[in-house]
Every structure is written in structure tokens, then in C-alpha cells.
Number of protein chains: 4
Amino acid sequence: MPKVSEEHAAARREQILAAAQACFARKGFHATSMNDIFAEAGLSAGAVYSYFKSKDEIIATMTSRAILLLAPFFDSVLAEDPPVPLHEVMRRFAALVQELSDGPMSVAPQVWSAATYDPELAPLVVANMRQARAFWTEVASRERKAGRLAPDADPEAVGAVLFTMVAGHLVDHKLLGDISPELLARGLRDLGGAARD
Amino acid sequence: MPKVSEEHAAARREQILAAAQACFARKGFHATSMNDIFAEAGLSAGAVYSYFKSKDEIIATMTSRAILLLAPFFDSVLAEDPPVPLHEVMRRFAALVQELSDGPMSVAPQVWSAATYDPELAPLVVANMRQARAFWTEVASRERKAGRLAPDADPEAVGAVLFTMVAGHLVDHKLLGDISPELLARGLRDLGGAARD
Amino acid sequence: MPKVSEEHAAARREQILAAAQACFARKGFHATSMNDIFAEAGLSAGAVYSYFKSKDEIIATMTSRAILLLAPFFDSVLAEDPPVPLHEVMRRFAALVQELSDGPMSVAPQVWSAATYDPELAPLVVANMRQARAFWTEVASRERKAGRLAPDADPEAVGAVLFTMVAGHLVDHKLLGDISPELLARGLRDLGGAARD
Amino acid sequence: MPKVSEEHAAARREQILAAAQACFARKGFHATSMNDIFAEAGLSAGAVYSYFKSKDEIIATMTSRAILLLAPFFDSVLAEDPPVPLHEVMRRFAALVQELSDGPMSVAPQVWSAATYDPELAPLVVANMRQARAFWTEVASRERKAGRLAPDADPEAVGAVLFTMVAGHLVDHKLLGDISPELLARGLRDLGGAARD
DNA sequence: TATGAATGAGGTTTCATTCAT
DNA sequence: CATGAATGAAACCTCATTCAT
């Protein structure tokens, strides 16, 4: 009995989140009015508000779910054996980011920005970031084990560098649009091939 | 003759921009009302509006000036001879970013975010980004010339990687706060020392 | 045959009225949403609406029934012989009011207030008031007959005074809470013992 | 310099309070929308909101000032020597209430009602009530001193009776409209003339 | 010139009520 | 019959901007 209802409710929530995402991508959080979301979702005000308590809750929910966008990627990379080389991981990652950059990831810069001054949002974003950073640190660690990084290389440090590229790449891609996954991968390889003589 | 007056006007504009920046850092662009800015600047509504046509113009002006924050750094690094090693440039850059992150750079994430959907703002941000990217490409180029990158390394590619870290590092620092300049520098060095056997 | 059904219906109506009363006492007519009433009654929206056409009808029904709260008291006082002394009637009345003031009478001030500007509600309240006033006039009349008021005393006038105390006492009790039935009774007795020399 | 401004501000506040009062008398607190008040006051939304933070603040301000309506009456009665007889005080009081009942006092029943469930409002109302009660107790006390109440009469008790008539009379007058000041005064006299033989 | 009171469109949210299931 | 999801009008309030003084 609750099943139909629950499934229905879940579907409605997705519908609303998708609509909100589309609006946010177009106009940003603030310039998007709740009316915009109602229209995009094809629902009435009351309907939307029966699934989300407020606009902020919609944003918070989107934020909390953001990591789900990348989790499958993280998992699949870590599942491969032998370990994928660093630069190839970055290439794939950048490709994924670019693919999602007009869709589900389009709001990420807004979320990072808002987390900068909104104490409600910050913890949600931080939680996601820690997961991403842990992934890149693990990638660095495997790279070292595979002998493709010096034995005394610090995976935390390399991980920090790679992680730092995450947010940066999305922003840069959205604004400049001319940084290809291959370019980034090559850049990492070229950095790695230093003084190899 | 108009000089005193002009200086006065310039000072007023700085005063307003500083006030706006402080407010924006605290509450974000949207939640900052013009009244907040009037109060922070200690000026009347009319006074502020005689120096800036609109709130958007204040934001645009702040955005346009952002590059000035980094230009001296870029210049001084490029002026050094022999060229500063890559990882040291990054260390200094990260230190500068962290130093400015609560002050003049605090609004950068908001600007990047807004540029994502605001067609008026995007060109201003893009102009700044191109300068930054050119800087990092030049750094990569010098690193290669110095023999610290492989002769066939692509400075554009390495520059893209380094540039990508700019936006990323500011966001990560503001939200996580535990990535030191030294860690990033070490990460770059460790990437560079790969598989040297 | 329709009897079970009718009883059931009556019970449901009482259930709803009781729930509404509890909500109204807590938050007032306006701040009580129909949802609050659904929850308090443990019924669905549709269920409640099948017994009452609207929120206003619930309020009107409660108002119309208000006099039923006092009718048994009025009847029992008038049934006593010899007639109960004025001050004792007031003492008992005040005690009853205080007893009911957190329950069924809790909404009376809201009803009086609403009747002040709501032309639908006013006649219902006026009907109740006329009954109460008639009661107090009758009490005054008996008091005179018993020789405890001057022969030329006007029962209408004395009744008006006593009646006036009805609404006043409920409000004062709910807000101040420190006027005992005994104090009021004593006040009436002390008024009555005037200038006896 | 602030003088013009302050006078102006005070005048605007009065203008708004008067408009609100008129609306509240017509439709009640809740059915009166802020738009109604804007229209009645001939001001814009922003103008009204620059003088009062919220609708509730308007109501609270009106409530706090309510006692000012009666204070001059209280003072003038207590200033008279020899003391005005009880029934005459009540006559004058009832006359004043009736005079104000369509104007400044028209909202009093709504205020009492709201104070019943609104914890923000209650203290303001209680403060006013205590002043009124003290007045009536003083009247009773003087009546006793004048020998028109028995020497062992309790002014607190008589005061409570008289005070109770305050709220009651306003409500009854507004709803029934047929209780004259003279009738109440006579009622009190008749109560006082008991058993005088 | 500098002020700050005023504007009023537009924002978010609520809630009495209905009706398809 | 009963349910409770959906409706959508309307509420309160904010704030960028203007302009009379």
C-alpha cells in the first residue's frame, strides 16, 4: 500500500529535482524563481512544496546527491586491475566532467560558491569533497605501487594535486571550453616524464 | 583642477568596492542588499548610486579588477632569473591564494559561479582566466627550457594542468582548509619524479 | 436502519469538533490549518469534509453549541428552591467558567472577537448571549422577590450588570488567572452591603 | 535635523496605525491583508514596512497603546474631589467605551482573543489589564472611604467585580448594542441598595 | 550635491478545498 | 466511501532603484 505511494513520491522528487536543475543551470539559484521550477516541472506550487519544504531544501538535496554522480566512476576505476594509469584516470575523469557539465554537474560551481558563505550548505559539500579527495589519493597510491611514481612519493600530496584539478576543471571547462581531456592527460604525463634522461 | 575631485571619486569607488566585497564575502552576492553595502560603506543610497549605476555594475567592476590581484605575482615570478622551479611557483601561488582567500579573493568562487550562467559576466571572467592560463603555460615553457621537463613536453598541456589548479585550489582551500602550499608543491614534485629507474 | 449510520455520523462530528477545539485553543482559528485538524482528529481531509462543508462551518457549529455548555447550569440554578442567593450563583458560575476555560470554553473569546466583524457569526453569538442575559435577569428578579434586593430595584439593570461579568470574567481569568470565584462573590456581597446606617 | 524626520516618522506611524485600525475593525486581524492597509493608508508596501517590521508589530503596537485610550479617563476620575460615586464612574466609563467602541477600541476584543493563544501578545494585554484593575480597586476603596460601601468591604473584591465588567461591556455592547451606560449604573445602584429597610 | 523616504514588482510559501483513484 | 495528492489564489515581505528636497 505504501509502495505505490512511495514510488510515486520518489518519482515526483526526481521530477522536481530535474526541473530545478535545468532552471538553475540556465539562470542560477537566485534568479530562478520557484515559479520557474513549477513551470519546468509542470506542477503546481502546492505540489512542489509537498515534496520539498523550501527552495533551500531543493538545493541541499541536489548538493547531497552530487557525489552519486561520480561514485560509479570512482568505483569502476578502482575496480580495474591492473590499476589504470594516472593520466588515463584523469583523461576519463575530465571526459566525464565535460559530459555532465551541461547536465547534472552544471550546478556544481554554484554549490561550491554558495558553500563558501552558507553554513548550512558547507558541510554537505565538504562531505562530497572528502570522498573525491580520498579517491584521488588512492589513485596516487596505486600509481606508486605500480612503480609509476617514485617510492618516496607522497600519495596525499599527489592526491591533493589531482583533487584540486576537479573543481578547477569543471569551472574552466564551462567558461573556456577549450581544455580537452586529452590535453590534461598529456599535461600530467609530461609533468611525470621530467628529466627523464 | 578636476584632479582633487577625480581623486575623491576614485577613493569613493574604492570605498564602495571594499564595502561590497566585505558584504559579499559574508553573505554572498544575492543575500547582500544594497542597504548592507550602504551601511558597510557608511554612505547614503544616493551616494553609492552616483558612483555605480547598479549592483551588477559593482560586481562587474570587482570582477574586472580581479586579475590585478594576481598580476604583480605573475610579473614578479616571470622577472626572476634563473626561472623559478615549477613546484616553487605553485607553492608561492598557493600561499598567495590562501592569504587573499578571506579578503579580495573571497568573492572569486561567486564570480566563477555567476559567470557560468550570466552572459554579461562571463567575458570578464574569461579575460582574466586567459591571462592566468598564459602565465602557467609560460611557467611550463620555462621549466622545459630549464631542462626540468622533457624536451617533448607540451607547455600548453602542462600549463592547462597548472591553470586548472587555480580555481580548484581556492575553492578547496575555502571549504576544506587543510591543503597547504607545501603539500601542493610536493605533489607536483612527486608527480615529476616518476618511475625514474 | 440508518440509525447505526446516523450515530456513527454524529460521533464523527463530535470527534472533529473536539479536535478542532483543541487546535483552536492552542493556536487560534486562523493559525489552525485544516491539516492540523485532520491530524488531531486522525481523519483524512476527505473524511472531515464529508461532515463539514468548510472550516467556517466547523466554527459556526461550535459557536451554536456553546450555549449548551451553560444551559444545564442555568437550569439547575433556576430549579433550586429557595432561590440561590445572587452572590452564590456568581460564585458557582465563575467556578464553572474557570473549570471549562481550558476546555470547551477556551474558544469563546475567539468567537466573540470574530462575531465583532463577521456578519455570519454575529447572530449565532447574539442568540447565546440573549439566553445568558435572560438567565441573569431572572436571577436578579428572584433576588428581589427574596427581599435581598430593594423592591424598586430593576432586574433588567441588575441582570445587565451580572451578564456583563460573563464575558469579562472568562477573558480576565484566561489572561490574569488570579480572580477566584470567591473573590467575585465577595465583591458582589460587598457591593450589596453599602451604606447600611 | 532629525526633528523634521522624527516628526515625520511619528506622523507616518500614526497614519499607518489609524489605517490598520480601520481595516481591523472592518474585517478582523486575519482577513485584513497588508494590501488592505497599504490602500487604506495611501502608502506603498515598502513605506509601511519601513515603519513597522511586520503585521504583528502593528498589532503589538496598537495593543501597547490601548491603555492610553483610558488613562486620561482614569486620571480625571481620580482627580475629582469629592470622589465620584461608583455608579457614576461606571456610567461615565460605559459611555466612554461605547463612544470608542467603533473607533480605537474596536480592536480590543480581537486583542483579548489573540492574547488567549499568542504568547507574544499576552504580556502586553496583561499589563494594560493590571492598570485597569488597579483603577477599579482604587474606585472601590474611595467608595468605602466615602461611606458608600460597608467598612469591612474588600476593595480588591469589589474592584474585581467592576474590572470584570470592562471587557464584558465592550463585547456585549458591540454585539447586543442595547445596554446603556445608565442601565449599568442603575444596576450597580440597585445592587448596592439591597435590603435597605 | 547628497540624502534617504518612497516605490511596487516580484519573491517564497501556505492552506482551504477538490476529486481521481 | 475514503483517501490524500494536487491545486492555485493570495498572503506577507524584500529590496534595487529613484527623485523631491
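In what follows, chains are A, B, ... by sequence order, proteins preceding strands, each numbered from 1. Quick caveat, the model's predicted, so the values are computed rather than measured.
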Undergrad: Given atom CZ of C/R12 and atom C1' of F/dC1, what is their separation to the nearest angstrom?
TA: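 After rounding, the reported distance stands at 11 Å.
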Undergrad: Using every non-hydrogen atom in the two residues, find where D/S101 and D/K174 come nearest and quote the distance to one decimal.
TA: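 Scanning both residues, the minimum pair turns out to be O-NZ, 2.7 Å.
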Undergrad: To the nearest 0.5 Å, tell me how far D/L17 CG sits from D/I37 CD1.
TA: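 Output value for this atom pair is 9.5 Å.
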Undergrad: For residues 41-51 of chain D, dump all side-chain donor-acceptor pairs below 3.5 Å to protein atoms at least two apart in sequence or in another chain.
TA:
{"unit_1": "D/S44", "atom_1": "OG", "unit_2": "D/A47", "atom_2": "N", "d": "3.2"}
{"unit_1": "D/S50", "atom_1": "OG", "unit_2": "D/A47", "atom_2": "O", "d": "2.8"}

Undergrad: As a quick check of understanding, evaluate side chain to side chain contact (heavy atoms under 4.5 Å, CB included) for A/R65 and A/T61, giving each step before the final call.
TA: CA-CA 6 Å; A/R65 289 177 171 207; A/T61 302; 3.8 Å; yes
Undergrad: Determine the stems involving DNA chain E; a stem requires 3 or more consecutive pairs of the Watson-Crick or G-U wobble kind, each with both distances below 3.5 Å, and the answer is none if no such run exists.
TA: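 DNA chain E stems, ordered by first number: E:2-21 with F:2-21.
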Undergrad: Identify, between D/S50 and B/S50, the residue whose nearest nucleotide on DNA chain E lies closer to the 5' end.
TA: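 First, find each residue's nearest nucleotide; the 5'-ward one identifies B/S50.
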Undergrad: List in chain and number order the residues that pass salt bridge (Lys or Arg N to Asp or Glu O under 4.0 Å) with B/D36, two or more places apart in sequence or in another chain; answer none if no residue qualifies.
TA: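 In terms of salt bridge (Lys or Arg N to Asp or Glu O under 4.0 Å), with neighbours along the sequence ignored, B/D36 is linked to B/K27.
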Undergrad: Between A/H8 and F/dA6, is there a side-chain N or O to OP1/OP2 distance below 4.0 Å?
TA: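 For A/H8, the contact criterion (side-chain N or O under 4.0 Å from OP1 or OP2 of F/dA6) is met.
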Undergrad: Below 4.0 angstrom from OP1 or OP2 of E/dA6, is there any side-chain N or O of D/Y51?
TA: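 True: D/Y51 side-chain N/O within range (under 4.0 Å) of E/dA6 OP1/OP2.
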Undergrad: Indicate every side-chain donor-acceptor pair of residues 106-116 of chain C with a distance under 3.5 Å to a residue at least two apart or in another chain.
TA:
{"unit_1": "C/S106", "atom_1": "OG", "unit_2": "C/G103", "atom_2": "O", "d": "2.6"}
{"unit_1": "C/Q110", "atom_1": "OE1", "unit_2": "C/F29", "atom_2": "N", "d": "2.8"}
{"unit_1": "C/Q110", "atom_1": "NE2", "unit_2": "C/F24", "atom_2": "O", "d": "3.0"}

Undergrad: Using a 4.0 Å cut-off on protein heavy atoms (strictly under), produce a 5'-to-3' string for nucleotides 15-21 of chain F with B for base contact, S for backbone-only sugar-phosphate contact, and - for none.
TA: BSBB---
Undergrad: Check each residue of residues 14-28 of chain C for a non-hydrogen atom within less than 4.0 Å of any atom in DNA chain E, then write out the ones that pass by number, or none.
TA: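 Those residues whose heavy atoms fall under 4.0 Å from DNA chain E, taken from residues 14-28 of chain C, amount to none.
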Undergrad: Decide, yes or no, whether a salt bridge links D/R12 with D/E7 under the criterion of side-chain N to carboxylate O below 4.0 Å.
TA: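 Not counted as a salt bridge, because no side-chain N and carboxylate O are separated by less than 4.0 Å.
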